[in-house]
Amino acid sequence: MNRSNRHLLSMTDLDRADIEQLLTLTESFAEVGERPIPKVPALRGKTIAWLFYEDSTRTRLSFETAAKRLSADTMNFSVSSSAANKGESLRDTVETIAAMGIDGIVVRHRSAGAPHRITDWVDASVINAGDGWHQHPTQALLDLYTAREHLGDLDGKHIAIVGDVKHSRVARSNALGFAEMGAKVTLVGPRTLMPPSLVGWPVEVTHDLDEVIDDLDICYLLRMQLERQKDAVVPTLREFHTEYGLGVARADRLGGDALIMHPGPMNRGVEIAGSVADRPNAVVTEQVTNGVAIRMAVLFLLLGSGLDVVDDQRAVA
Ligand code: NCD
């Protein structure tokens, strides 16, 4: 990781060496997760606050589990029952929490760039757990880890990221992450669900899933972000499923080793057929499991005692 950088805001913060380092560290933490008592003292005495302005189940639980396994103390800021509902600004909320003494703050916010703003107001490390349509870096990291566990080196592998790319921070983070690791990234979806501009994105684009399906190593389905869509972007969900969903016939065309991935929560019958989601090459629950280890690695690297990961790892083991 960029050692002068105490925050993880975007996949653009990480180059290939940083990602490699995080994935390697994650292997040790995955091993911790398999122990009878899956807990290490690595972050004892550190305090991490959760600041979730958007609904979240898996990401929040995953970060909480990661922090507990590292023996950190946590502070739970519940937006729905908080001063934010009484009109307090983000800045005042953040400064109030920081005044209690925190080392890290994990933020999810509906506005792109909110975690970045917070870095101006606090000394703590800021970790972006999803900001608007912008970025969700720990999701991309756990996806890279899961893909690499199955496929080995990702250089030259072909991933299609399919569906509602326009509204998806997961698509933006994963496109950057997989491209950085040398994979070929193809975005697939109707024009209405593509970002207005793809200038500078390290990707190819197609509007026809059948054009690429036989060639894929990973078929990555995105959730239809119905809560973010203002216009009628697809005629009907049934038609979307026919055109862009991973139904049985398309899933049968994937190569034998190809993976089916989804960040969750899945809309069965929309972006993915229910029975396809339950196939052995659909690794959705593995993604969730690996999410905890990835977040342990991120928290450890940003908040841990030293910069020498190897030595710190020995201390952890
Ligand atoms: C994603 C998110 O919230 O960005 N989900 C997640 O983190 N588990 C994707 C989504 O909601 O579709």
Side-chain angles (χ1 to χ4, degrees), residues 8-12 26 50-67 79-80 106-116 126-147 159-178 187-190 193-195 218-230 233-234 237 240-241 244-246 259-272 277 282-299:
L8 178 60
L9 304 176
S10 162
M11 286 306 285
T12 52
T26 300
W50 317 122
L51 190 57
F52 277 67
Y53 281 87
E54 263 191 356
D55 293 343
S56 167
T57 313
R58 72 190 65 213
T59 302
R60 184 174 178 143
L61 290 179
S62 179
F63 268 110
E64 282 183 11
T65 307
V79 171
S80 56
V106 178
V107 188
R108 173 168 283 198
H109 201 281
R110 63 189 168 280
S111 302
H116 190 265
V126 179
I127 297 162
N128 181 2
D131 61 334
W133 304 358
H134 179 225
Q135 281 282 314
H136 190 358
T138 56
Q139 178 70 48
L141 290 167
L142 74 90
D143 291 331
L144 289 168
Y145 183 84
T146 307
I159 177 172
I161 301 178
V162 186
D164 186 0
V165 177
K166 180 176 179 179
H167 301 99
S168 176
R169 53 197 174 209
V170 174
R172 285 169 177 74
S173 299
N174 273 350
L176 290 171
F178 277 89
L187 304 179
V188 187
L193 289 177
M194 285 292 159
I218 304 169
C219 185
Y220 194 104
L221 289 322
L222 298 168
R223 184 174 65 84
M224 273 294 256
Q225 310 250 322
L226 296 167
E227 77 281 12
R228 296 187 198 277
Q229 297 171 3
K230 294 202 180 64
V233 286
V234 292
L237 290 180
F240 175 81
H241 182 70
Y244 294 101
L246 191 64
L259 301 177
I260 298 166
M261 301 180 75
H262 191 298
M266 285 186 282
N267 291 315
R268 287 178 187 248
V270 181
E271 62 266 2
I272 187 166
V283 293
V284 183
T285 50
E286 274 179 54
Q287 291 170 260
V288 176
T289 304
N290 293 333
V292 175
I294 273 287
R295 290 174 177 122
M296 287 173 80
V298 167
L299 291 173

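In listed order, ligands and their atoms are each counted from 1.
The atoms of ligand 1 that sit less than 4.0 Å from any heavy atom of T59 are 6 (C), 7 (O), 8 (N). Close approach to R58 involves these atoms of ligand 1, each under 4.0 Å from a residue heavy atom: 8 (N). Within ligand 1, the atoms closer than 4.0 Å to a non-hydrogen atom of H136 are 2 (C), 4 (O), 6 (C), 7 (O), numbered from 1 in the order shown. Below 4.0 Å from some heavy atom of V170 lie the following atoms of ligand 1, by number and element: 1 (C), 4 (O), 9 (C). Those atoms of ligand 1 that come under 4.0 Å of a heavy atom in P263, given as number and element, are 8 (N).
Looking at atom 11 (O) of ligand 1, its nearest protein heavy atom turns out to be R223 NH2, 2.9 Å. With hydrogens left out, the protein atom closest to atom 5 (N) of ligand 1 is G264 O, 3.1 Å, a heavy atom.
Remark: among candidates H167, R169, M266, the nearest residue to atom 3 (O) of ligand 1 is R169, based on non-hydrogen atoms.
Applying the side chain to side chain donor-acceptor pair (under 3.5 Å) test to T146 and every residue at least two apart in sequence or in another chain returns N290. For R268, the salt bridge (charged side-chain N to carboxylate O under 4.0 Å, His left out) partners two or more places apart in sequence, or in a different chain, are D278.
Using bins of under 30°, 30° to 60° and over 60° for the plane-to-plane angle, the ring pair H167/W133 lands in the perpendicular bin.
Contacts between Q225 and ligand 1, counted as non-hydrogen atom pairs separated by less than 4.0 Å, involve the side chain only.
A cation-pi arrangement is found for R60 relative to F52, the charged atom lying closer than 6.0 Å to the ring centre and inside a 45° cone about the ring normal.
Taking a 4.0 Å cut-off on heavy atoms, R108 registers as neighbouring ligand 1. In this structure, G130 falls outside the shell of residues with a heavy atom less than 4.0 angstrom from ligand 1.
Salt bridge R58/E64: absent, no basic N to carboxylate O contact under 4.0 Å.
Residues R172 and H136 have side chains that never bring a donor and an acceptor to within less than 3.5 angstrom of each other. Neither side chain, E271 nor H241, offers a donor N or O lying under 3.5 Å from an acceptor on the other. Counting only N and O atoms by type, the side chains of D143 and Q139 include a donor and acceptor under 3.5 Å apart.
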